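Only a predicted model underlies this, so the values are computations on that prediction, with no experimental measurement involved.
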Amino acid sequence: MQTKEKRRGFTLVELLVVIAIIGVLVGLLLPAVQAAREAARRMSCSNNFKQIGLGIHNYHSTFQLLPVHHMGTHSATGSYVNSGISNVANGKGHNEYTLSFLVGILPFVEQQALWEQISNPNNETSSGGPPGNPWSPMGPSPRQQEYKPWITEVTTYRCPSDPGFGLPALGRTNYGACIGDSPDKSDCRWPDNPKNGKLVYTQNDVIEAKAAYRGMFQPGFQGKFRETLDGLSNTIMCGEFATDLGDKAITTTLMINGNAGKLRNNPGDACRQYIDPERPTFYMSDIDYNNSKNGFAKIFQMRGYIWSDARSGFSCVTTILPPNTELCMSGGDSGYGLAPASSRHQGGAHVLMGDGAVKFITDSIEAGSDSAGCVWSGGTGTRAPGSPSPYGLWGSLGTRASKEVIDEEF
């Protein structure tokens with residue numbers, strides 16, 4: 001009799017056991033792989049920030065001055081309003097003194113070619129056709145999307161952990177100038193009518209600005225390292241922030257409903273009423289502004305959307321509320337307000353110190369009382385000009401000359 005040879009193979013149970021084991025192993029290994037990737041991205045982010053710090057230091061070594069935040073050009077006649085919003089037909093145009101320090105350091109972060117495009121007359125447009133007249137040296141308004149340099153992504157200015165990309169943003173940035181611990185005058189829109197293409201400061205302008213501009217970067221003024229009396233290693237020069245993804249996150253959505261009085265006197269309560277109670281890291285979706293329009297800035301005016309624009313929402317950091325708290329402005333992206341550091345990293349954000357060191361600041365850093373009023377030119381007592389920061393360790397790190405020296409590692 002012939003007997004059939006019995007075939008050996010996996011049973012269904014054995015196969016399911018193997019699949020289950022593989023699934024468990026993948027489940028155990030995937031978080032570790034993701035953590036390793038994020039660690040690499042975080043290191044790359046820190047390196048980019050380090051390059052920016054070296055660029056600022058090389059700029060200062062060359063000119064014995066810090067790069068200006070709120071630099072640029074202005075027409076000899078006319079006011080700020082729309083003077084820089086040139087179009088393809090009329091070309092030229094000026095930028096209303098709204099360029100960020102990131103423009104000035106381009107030659108010092110290996111972006112000489114882009115700097116040449118900006119600093120010289122330029123006939124190119126992003127749509128392909130030439131403008132009626134060449135763009136002026138230093139370019140038009142940072143919001144002009146037909147101007148090719150403003151839509152250029154600069155790798156050094158981006159954090160690899162941030163997924164934000166493309167329209168409605170122009171060229172994004174994840175790093176901004178630290179302007180200190182006072183929102184007063186951070187709108188940087190004064191004086192409103194430059195004369196003969198130059199800013200004309202009154203005595204009162206200077207008094208108010210010097211009282212409020214307590215950070216290493218003083219908008220519109222060109223400072224020096226020697227003005228940082230608290231020491232470069234004790235003072236934040238720049239801060240990291242996440243760019244907006246269109247999801248109404250409190251850290252990246254430009255809320256323009258901030259109460260002007262509260263921003264100065266009780267910053268922690270300025271925009272708190274607009275936070276969604278069911279999702280505390282997001283603003284409510286439908287918010288009116290003055291009962292007539294949306295309570296958020298225009299869709300292309302969100303956090304980090306224009307690296308060349310010096311205004312608070314785009315490229316500034318304040319040390320009032322701790323990292324990863326609400327972005328809150330009064331009167332739009334050009335208004336003054338709160339611009340905390342933020343990031344896509346877990347638990348905090350990077351800062352660049354004056355000496356070029358990059359530190360990671362946690363969300364739990366001691367930040368005093370968020371109901372304390374800020375220091376400003378009209379303040380008295382603990383709010384008088386020159387007073388220590390009311391925002392604890394975080395606030396003191398943001399001021400350059402308030403005699404607040406940090407004796408320990410943070």
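- Taking the six-membered ring where the residue is Trp, the centroids of Tyr59 and Phe108 are separated by under 6.0 Å.
- Of the possible donor and acceptor atoms, one in the side chain of Asn174 sits under 3.5 Å from a partner among the backbone N and O of Phe241.
- Checked by atom type, the side-chain pair Arg400/Asn234 shows no donor-acceptor distance below 3.5 Å.
- Side-chain atoms of Arg272 come within 3.5 Å of backbone N or O of Gly268 as a donor-acceptor pair.
- Among Asp370, Asp181, Ile320, the one residue that satisfies the side-chain contact (heavy atoms from CB on, under 4.5 Å) test with Pro390 is Asp181.
- Of all heavy-atom pairs between Arg41 and Ser161, the closest is CB-OG, 3.3 Å.
- A heavy-atom distance below 4.5 Å is not found between the side chains of Met284 and Arg279.
- When atom types are taken as modelled, the side chain of Ser46 and the backbone of Arg42 share no donor-acceptor pair closer than 3.5 angstrom.
- Annotation for Ala339 and Met329: closest pair CB-CE, 4.0 Å, computed over non-hydrogen atoms.
- With rounding to the nearest 0.5 Å, the separation of CG in Asp247 from OG1 in Thr281 is 8.5 Å.
- For the atom pair Leu232 CG and Met353 CE, the distance stands at 9.5 Å (nearest 0.5 Å).
- Residue Cys316 comes nearest to Arg303 through the heavy atom pair O-NH1, 2.9 Å, listed as atom of the first residue, atom of the second, then distance.
- More than 12 heavy-atom neighbours from other residues, nucleotides or ligands sit within 6.0 angstrom of CZ on Phe63.
- Aromatic ring centroids of Phe49 and Tyr175 lie under 6.0 Å apart.
- Across every non-hydrogen atom of Thr252 and Ala242, the tightest pair is CG2-O, 3.4 Å.
- Using modelled atom types, one side-chain atom of Trp307 and one backbone atom of Thr152 make a donor-acceptor pair closer than 3.5 Å.
- If you check the side chains of Glu240 and His345, you find a donor sitting under 3.5 Å from an acceptor.
- Aromatic ring centres of Tyr97 and His70: separated by at least 6.0 Å.
- Other residues, nucleotides and ligands contribute more than 12 heavy atoms inside 6.0 Å of the CD atom of Gln117.
- Minimum interatomic distance between Pro67 and Ile105 (heavy atoms only, all atoms of both residues): CG-CG2, 3.7 Å.
- Listed for the Arg158 side chain is a donor-acceptor partner under 3.5 Å among the backbone atoms of Gly164.
- Defined by atom type and a distance below 3.5 Å, a donor-acceptor pair is missing between the side-chain atoms of Thr98 and Asp309.
- Between the Trp150 side chain and the Pro140 main chain, a donor and an acceptor come within less than 3.5 Å of each other.
- Rounding to the nearest 0.5 angstrom, the gap separating the CH2 atom in Trp376 from the OG atom in Ser387 is 13.0 Å.
- The main-chain N or O of Lys224 is never found under 3.5 Å from a side-chain atom of Gln222 such that the two would form a donor-acceptor pair.
- Counting heavy atoms from C-beta on, the side chains of Ile179 and Val317 never come closer than 4.5 Å.
- In this structure, Ser233 and Asp355 have side chains that are in contact, with non-hydrogen atoms separated by less than 4.5 Å.
- The environment of CD in Glu153 is crowded: more than 12 heavy-atom neighbours from other residues, nucleotides or ligands sit within 6.0 Å.
- Side chain of Ser343 to backbone of Gly348: a donor-acceptor contact under 3.5 angstrom is found.
- Note that the CG atom of Leu106 and the CZ atom of Phe101 stand 10.5 Å from one another [nearest 0.5 Å].
- You'll find the ring centres of Trp394 and Tyr391 outside the 6.0 Å limit.
- Legend: residues meeting salt bridge (charged side-chain N to carboxylate O under 4.0 Å, His left out) with Arg264, ordered by chain and number and at least two apart, are Asp184.
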Steps toward salt bridge (charged side-chain N to carboxylate O under 4.0 Å, His left out) verdict (Lys262, Asp269):
CA-CA 7 Å; Lys262 284 185 177 180; Asp269 197 38; 3.0 Å; yes
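- Put simply, the side chain of Val351 does not reach to within 4.5 Å of the side chain of Val358, judged on heavy atoms.
- The closest side-chain donor-acceptor pair between Glu227 and Gln218 falls under 3.5 angstrom.
- Cys pair Cys178 and Cys238 fails the test of SG atoms under 2.5 Å apart.
- By the 30° and 60° cut-offs, the orientation of the rings of Phe360 relative to His350 is perpendicular.
- Counted within 6.0 Å of CD on Gln64, heavy atoms from surrounding residues, nucleotides or ligands total more than 12; the atom is thus considered enclosed.
- Side-chain contact between Thr251 and Thr325 is absent, with no heavy atoms from C-beta onward closer than 4.5 Å.
- Residues Cys45 and Arg344 form no side-chain contact, since every pair of their non-hydrogen atoms from C-beta on lies 4.5 Å or further apart.
- To the nearest 0.5 Å, atom NZ of residue Lys248 and atom OG1 of residue Thr253 are 6.0 Å apart.
- The side-chain heavy atoms of Ile250 and Ile275, taken from C-beta on, include a pair separated by under 4.5 Å.
- Distance alone, capped at 3.5 Å, is enough to place a donor-acceptor pair between the Ser119 side chain and the Trp115 backbone.
- At a threshold of 4.5 Å between non-hydrogen side-chain atoms, the residues Tyr305 and Pro168 count as touching.
- Here Ser371 contributes atom OG and Asn266 contributes atom CG; the two are 5.5 Å apart, rounded to the nearest 0.5 Å.
- Side-chain atoms of Glu116 and Asn120 include a donor-acceptor pair closer than 3.5 Å.
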